[in-house]
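The analysis underlying the following values was restricted to heavy atoms, covering all of them including side chains, and did not include hydrogens, waters or symmetry mates. It should be emphasised that the depicted structure is a prediction, and the values quoted were computed from it without experimental measurement. In the text below, chain A, chain B and the rest are named by the order of the sequence lines, each starting its count at 1.
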Amino acid sequence: MKQEFIIAGFGGQGVLLLGQMLAYAGMLEGKQVSWMPSYGPEMRGGTANCTVVISDEEIGSPVVSQPSCVIALNLPSLDKFEPMVKPGGLLLINSSLVDREPRRDDIKAVALPATEIASELGNIRVTNMVALGALVQLTGIASFSTLEEVLKKVLPEHRHSLIPLNLQAIQRGAQEVKA
Amino acid sequence: MKQEFIIAGFGGQGVLLLGQMLAYAGMLEGKQVSWMPSYGPEMRGGTANCTVVISDEEIGSPVVSQPSCVIALNLPSLDKFEPMVKPGGLLLINSSLVDREPRRDDIKAVALPATEIASELGNIRVTNMVALGALVQLTGIASFSTLEEVLKKVLPEHRHSLIPLNLQAIQRGAQEVKA
Amino acid sequence: MLGEKVLMKGNEAIGEAAIRAGCQLYFAYPITPQSELPQYLARRMPEEGRVFLQAESEIAAINMVYGAAGTGARVMTSSSSPGISLKQEGISYIAGAELPCVIVNIVRGGPGLGGIQPAQSDYFQATKGGGHGDYRLIVLAPASVQEMVDLTILAFDLADQYRNPVMILGDGVLGQMMEPVEFKDFEPVKIPKPWATTGRKGREKNIINSLYLDPTKLEEHNWHLQAKYREIAEKEVRYDTYRSEDAEVLVVAYGITARIARTAVDMARAQGIAAGLLRPITLFPFPTEAIAQAAEGAKALLTVELSAGQMVEDVRLAVNGKRPVYFYGRTGGMMPTPEEICREIVKVAGKEVAE
Amino acid sequence: MLGEKVLMKGNEAIGEAAIRAGCQLYFAYPITPQSELPQYLARRMPEEGRVFLQAESEIAAINMVYGAAGTGARVMTSSSSPGISLKQEGISYIAGAELPCVIVNIVRGGPGLGGIQPAQSDYFQATKGGGHGDYRLIVLAPASVQEMVDLTILAFDLADQYRNPVMILGDGVLGQMMEPVEFKDFEPVKIPKPWATTGRKGREKNIINSLYLDPTKLEEHNWHLQAKYREIAEKEVRYDTYRSEDAEVLVVAYGITARIARTAVDMARAQGIAAGLLRPITLFPFPTEAIAQAAEGAKALLTVELSAGQMVEDVRLAVNGKRPVYFYGRTGGMMPTPEEICREIVKVAGKEVAE
Amino acid sequence: MKVVFERPRALSDVTTHYCPGCTHGIIHRLVAEVIDELGILERTIGVAPVGCAVLAYNYLECDWQQAAHGRAPAVATGIKRALPDRVVFTYQGDGDLASIGTAEIVHAANRGERITVIYVNNAIYGMTGGQMAPTTLEGQVTATSPRGRDIKQAGHPMRMAEMLATLPGVSYLARVAVNKPANIMKAKKAIKQAFMVQIDDLGFGMVEILSTCPTNWGLQPAKAMEWVDEKMIPYYPLGEFKVPGEVK
Amino acid sequence: MKVVFERPRALSDVTTHYCPGCTHGIIHRLVAEVIDELGILERTIGVAPVGCAVLAYNYLECDWQQAAHGRAPAVATGIKRALPDRVVFTYQGDGDLASIGTAEIVHAANRGERITVIYVNNAIYGMTGGQMAPTTLEGQVTATSPRGRDIKQAGHPMRMAEMLATLPGVSYLARVAVNKPANIMKAKKAIKQAFMVQIDDLGFGMVEILSTCPTNWGLQPAKAMEWVDEKMIPYYPLGEFKVPGEVK
Amino acid sequence: MPKVEFNVDRCKGCELCAVFCPQKIIKLSEGINKLGYHPATVKEMEKCTGCAICARVCPDCVIKVYK
Amino acid sequence: MPKVEFNVDRCKGCELCAVFCPQKIIKLSEGINKLGYHPATVKEMEKCTGCAICARVCPDCVIKVYK
Ligand SMILES: Cc1ncc(C[n+]2csc(CCOP(=O)(O)OP(=O)(O)O)c2C)c(N)n1
Ligand SMILES: Cc1ncc(C[n+]2csc(CCOP(=O)(O)OP(=O)(O)O)c2C)c(N)n1
Ligand code: SF4
Ligand code: SF4
Ligand code: SF4
Ligand code: SF4
Ligand code: SF4
Ligand code: SF4
Ligand SMILES: [Mg+2]
Ligand SMILES: [Mg+2]
């Protein structure tokens, strides 16, 4: 079993962290994982994305041209990555910032008002966690208890106070797509 | 016809110029010529030498391992180059500064008190010209009128006043070995 | 961190591995895409009581490496393509003076300022000597973050063992990507360095030098170096194979490209083509023998690189005309997809295997 | 000086030829064994109302060349091995930005500070790219002082024609030796340079640049460069042969070594061995075809270099396993004698031709 | 109604890649205004550095060359020697000019090279993500000085203006800041002076400009402007260090 | 009868490759005397330059590294950082230090690197056969300034001591000459000081020493000594430019 | 009457104009421009003196000033 | 009585000792040493004051001084 994710959005939306948490969760659950960011000065103010591969077997290419799942947190990301989703794959759209419908009908597209939910939770910076929750709910790629463990690992000590908020965001994201 | 010369001595003895004049003379007489100096900081105070090839045909190697003629203006040069002279070749020794006999008997060795002659002429800096005169006399590699022309070419304008002295040295060198 | 798996960036993994390997000093100048390495060591080296120094330039950095290596310390520098070009004189000096050290090049697209995306277009520079004179670096090409750790540790040992600079040749993706790594417990090899300049107390004076004014001496030194390189070529070749035993199309690729090619090999096999992969781990010494042998069984070879074709020359030299050697390359920071490489394998198979 | 033969040092001959070729600026830093070149131009350039500037370093010199070349002027720099290593970043920039210029390397023994005697151990650096990224220099290898003149003039033309840096690869002997040379009357080729940065008066602005942040653009640029290099490879190969038609042992050598090998070929012929010589004049583009063809008729090839074996790889790639390719080299400033090379020819003949 | 302020002609009508509030943008505009006022756009050649300003060639309407990291003064020398009647300037960051490019700037200054140098000191390596620069202040936290710059280990913040002012080839040298309106006006004057000494063939002209890097300083743009006043100017005093006439 | 003068222990008992009358030899002896007097021979590491002093490693009895042209301060930094309790010095010519090695010397000085720099200024490139150095005087004829150094083309002779003295990392900096007995005594004192500031961990120490190159100046050794007085010292004034205590 | 004009899609919302405007009449809008920023705008244009300080501190040359 | 000793085969005949000796008692000899130079020598040793100035200016450390 191998799943390939591309997570994309604006520079400040925390897409790299989202991807790292996903990879971390996969690793903690005994899978092979790789995380690869886009990088460079053009990130400044622009868009960022990362590719995560989670697999039962040794990972060949960390570069992916047909991801099984794409999270698009803004419109440019949707435009760029929608065409790449593997037929039958999953496309998670941050409908708070994207006002168009998906164009493909051979994939499963899910609209998630991630920024609005985050803003309801009092901090739009947890948009990425809302999306992560939804993703995990939709794919079952990791357990929620693993995500809690991951949060402890990726957040520096002095930020641990933020863990409850992040967990809440993850849960809200999950709930949203359960419905 | 091809002749290969190695001219060697102390740094200040003008061996490079001697070789250049030889090459120039060859060129003016329509031959193919090459001149190759030893170079480097070790020349400082040490020994210097150059290799001259004069040939009727295109010159292959400007590097020579068996010169047809060697001029040794000091002892270290004699020690180094005597063994290299081609059998039957010529070895011209500045006997003013070298107090040993040549060791080879399969070559023609000529002793020339070049420094003493130069000093008689009032300037030991023309030691090289004395040797050149002797060499040309012994080998017939160029005519003396060519040498005069060469002097005009290689000496900068403001040194042309020295031409008579140099010519005199050349002639004295030639005379010395005629006898 | 011991034993446990951690998710790390390739650049940082090299940093941590260097610390485990006993690297005492690190000198470098920032450049994308390897800046996480100096940044990591800026924090970690002082924690360990070791030296992190940001040099005023890549040239200063490589010459600081020369000085520190000359004292017998384990020392490292890192950069990316343009910065490595600036180090060429220094590298030639280090090789000439036979000083052990580790040099990391996280390659980006060139030539010139080029771009900052991953590339493998510094292969020639690394393996044939971008600096002047006849010298060789030992060149190690990791293909995963774990291998960045393992080869960094190996690099320090090989450097000391052969008194030779060792280059780790990565690329922007390897430097930036995260994978789980494990740091195993080990004792860094300790090789005595009686030649080091540490102050002459209790011995004759030592001189670190690459100058030989007498050409007979310089030639002697050069033959000594060549003999050392031959010994390295005999003993230190490393490579990996994947489904190569019965391969009719043998793909040769290193580093990140080999990872992509591995997936492509699986794809090709799924299409019924007997593809296989040979991945050089040491680029110098190059696995010439292994490739020559593997070529025997194959119908054709396909070299894939993030360049316009550099390693392919060494593959051709290895195969020596016995089999056709094809090339597929992407440049300037573009990465081939597994599908793309698979298509090339199919093409080669069509040309050669079908007959 | 026109028409008349003059006796000149190789280094000075390059200087005078550059002036004839319309070189408007020269930037360099002193180093043995090429210092006669800057010294000659320090006198001659101002006489001609042109620019001689001793730069603060080789790095400054190559970057001054970049700037001046970017204005469309004909411009040159020169150095010897360690100094050329320092120029590698700049050379890669110049190649990336496609600026025409001439770079002279009068090679000395390496690696490191090495020595100052003649060598050919910078072949890889010159032909495969000592700098980062996929780029090529056009590399010209004169074998006589007259050819230093002729190839210098050619170098400026090729540089302008292909918008590419051209390297003249000589060695200490060629730089220091004197031979008669003739300067023929000619009109330097004038190629319009609408891309030059001269102030934007009357046109859109021009930008001299090698940065392409978008990897698709950088890849495009790289394929454009590669296409240019292929064109050069098709059109600009130059080589010379000597008694090669019926040669059973074909010696391949360039520069000063080819001169010595020529005498050795005669010696071998005198001993009844059908020896011949192929002398590459362009090292990039390499005369691959010519060697492949000449190899057909020969029994074996012998590559002779003042190095531990560099060009021999290109010879092997050309021959592609069809004939054995032997190598004989001297390093560190040592020169083989004709007798020595002849002995090697005899050895090769004994091994291959006798059968 | 009259237009009292608009985009100078020499400034390209495009969006820059600079971060919000980064004063590289102000400096670009000032250079463009000076070029307009001196009427030299069509005979000016700029040399872009490696650093955040690497793309400056997209933002000013003159001819440009993009130089290797630190080598802009050498590139400018090459251009100026080839075309002595053109106006040549470099635009360089503090990493570019004061670290890797030290030899090139010192020798261009010493030669009295007729070029103008716009030296943007933001006390950090902006483009590569906020590493320590030679100009980083004591105690300042950066990506490669995570505990703050330690003088004993990393040396003192480099005052390039003071050092270069000792060289007789320098004709004009000033340090200015662009952190508030009054300073911006002074900065423009200094930039103009630095171009004028070139045009008048008096020698080398340079302006060191204290600039912000809100992104890597981790400060809001307005706070970054204050930080220049509070931290930078005390260590990097503003003023003219050399004016024409003092040249000997 | 007492020996009042003999070869210092740290000076190797061999013939040097220097030309007759070249004051590199005097400077070598002074450094050796200082090393003897400070008793540091067994913990001193020298860094030899590229230049006529490239073979210095054969002449002083300490450990040595031979550095690439101009990079001795970087090499010394590498050594000193590895072995902070050793005494590390560089010996560099004016081409080495003031031209190609400008960036390395400026930054070693600025870092206050605990090294001692012996800077031999002979206003020429000795080893390569007498080309113009950055320190070559106005009008001085050299192999690459055949009409004499022209300031407008080649820039001003570099006064490194004055320039480096502006850097706060510098603890001791003096200019001396070895062209007559009194100056030689003063030179030795300065060299000792420059070693002492290192041993006392005060910072960077450097002595610029005006030296002769009879060969490439085309002067007899004694005339060369006079030329230092007549031509060099007026432009390169002797004295201490920085002494410990002034460090801030 | 003095006024300022913003080239809205060039604004990066850095607020420097707002901070330095002596009249304190510049604010960031609620909306988002093409670049993804809240662009600056003037609410009470009648208070504008046309001093052009905003324009001089704007790093992105967003503002044109009339007087 | 003060005296100086020359390590003859180290002398390069540069004459610096001769020029700086306050007693002007140093001259170059007629003979040539191993290096090929006329080495310095003292003719009237009794005039030597043992001031060691000659030794201090000698670039080749040829001279040993006793007092
Ligand atoms: C030879 C080389 N070394 C390093 C780099 C990486 N690099 C790019 S920009 C930069 C520093 C830029 O800092 P600065 O000059 O202060 O400009 P800023 O970005 O702060 O404006 C560095 C180190 C490079 N491109 N080339
Ligand atoms: C990278 C490099 N560039 C140039 C040279 C050639 N070179 C050797 S010594 C020297 C100059 C020496 O002059 P200086 O430093 O003043 O020392 P001096 O010989 O005068 O004592 C040069 C340019 C070199 N060896 N390496
Ligand atoms: S990183 Fe800093 S200097 Fe660069 S554009 Fe952003 S704010 Fe400006
Ligand atoms: S060339 Fe000059 S500096 Fe070098 S040893 Fe001779 S006199 Fe001394
Ligand atoms: S012109 Fe002056 S008053 Fe008007 S908005 Fe700008 S800063 Fe404010
Ligand atoms: S200063 Fe300019 S970019 Fe910043 S908010 Fe105001 S108008 Fe927008
Ligand atoms: S010791 Fe003094 S007096 Fe005696 S020879 Fe030497 S310089 Fe002259
Ligand atoms: S100073 Fe020394 S080398 Fe010179 S002549 Fe006197 S003894 Fe000889
Ligand atoms: Mg900066
Ligand atoms: Mg010097």
Can you tell me how far [atom2] of [Y] sits from [atom1] of [X], rounded to the nearest 0.5 angstrom?
X	Y	atom1	atom2	result
E:Gln92	E:Ile118	CD	CD1	10.0 Å
D:Ile207	E:Cys62	CD1	SG	9.0 Å
E:Asp85	E:Asp201	CG	CG	11.0 Å

- Any chance the side chains of D:Tyr40 and D:Glu16 put a donor and an acceptor closer than 3.5 Å? yes
- Message: With no hydrogens and no angle check, just 3.5 Å: does a side-chain donor-acceptor pair link E:Tyr172 and E:Thr116?
- Response: no
- Toward chain E, the part of D:Leu211 with a non-hydrogen atom under 4.5 Å: both
- Task: Name the region of D:Arg203, side chain, backbone, both or neither, that has any atom closer than 4.5 Å to a heavy atom of chain E.
- Result: side chain
With a 4.5 angstrom heavy-atom cut-off, which part of [X] approaches chain D: side chain, backbone, both or neither?
X	result
E:Ile40	neither
E:Arg81	both
E:Ala68	both

Report, by ascending residue number, the residues of [range] in heavy-atom contact with chain E at a distance under 4.5 Å; give 'none' if the set is empty.
range	value
residues 81-93 of chain D	D:Glu89, D:Tyr93
residues 153-161 of chain D	none
residues 58-72 of chain D	D:Ile59, D:Ala60, D:Asn63, D:Met64, D:Tyr66, D:Gly67, D:Ala68, D:Gly70, D:Thr71

- So, for E:His17 and E:Tyr59, is the gap between ring centers shorter than 6.0 Å? yes
- Query: Applying a criterion of heavy atom separation less than 4.5 Å, what residues of residues 106-115 of chain E form contacts with chain D?
  - Reply: E:His107, E:Arg111
- Note on the structure: Between D:Ala126 and D:Leu137, the two heavy atoms sitting closest are O-CD1, 3.8 Å
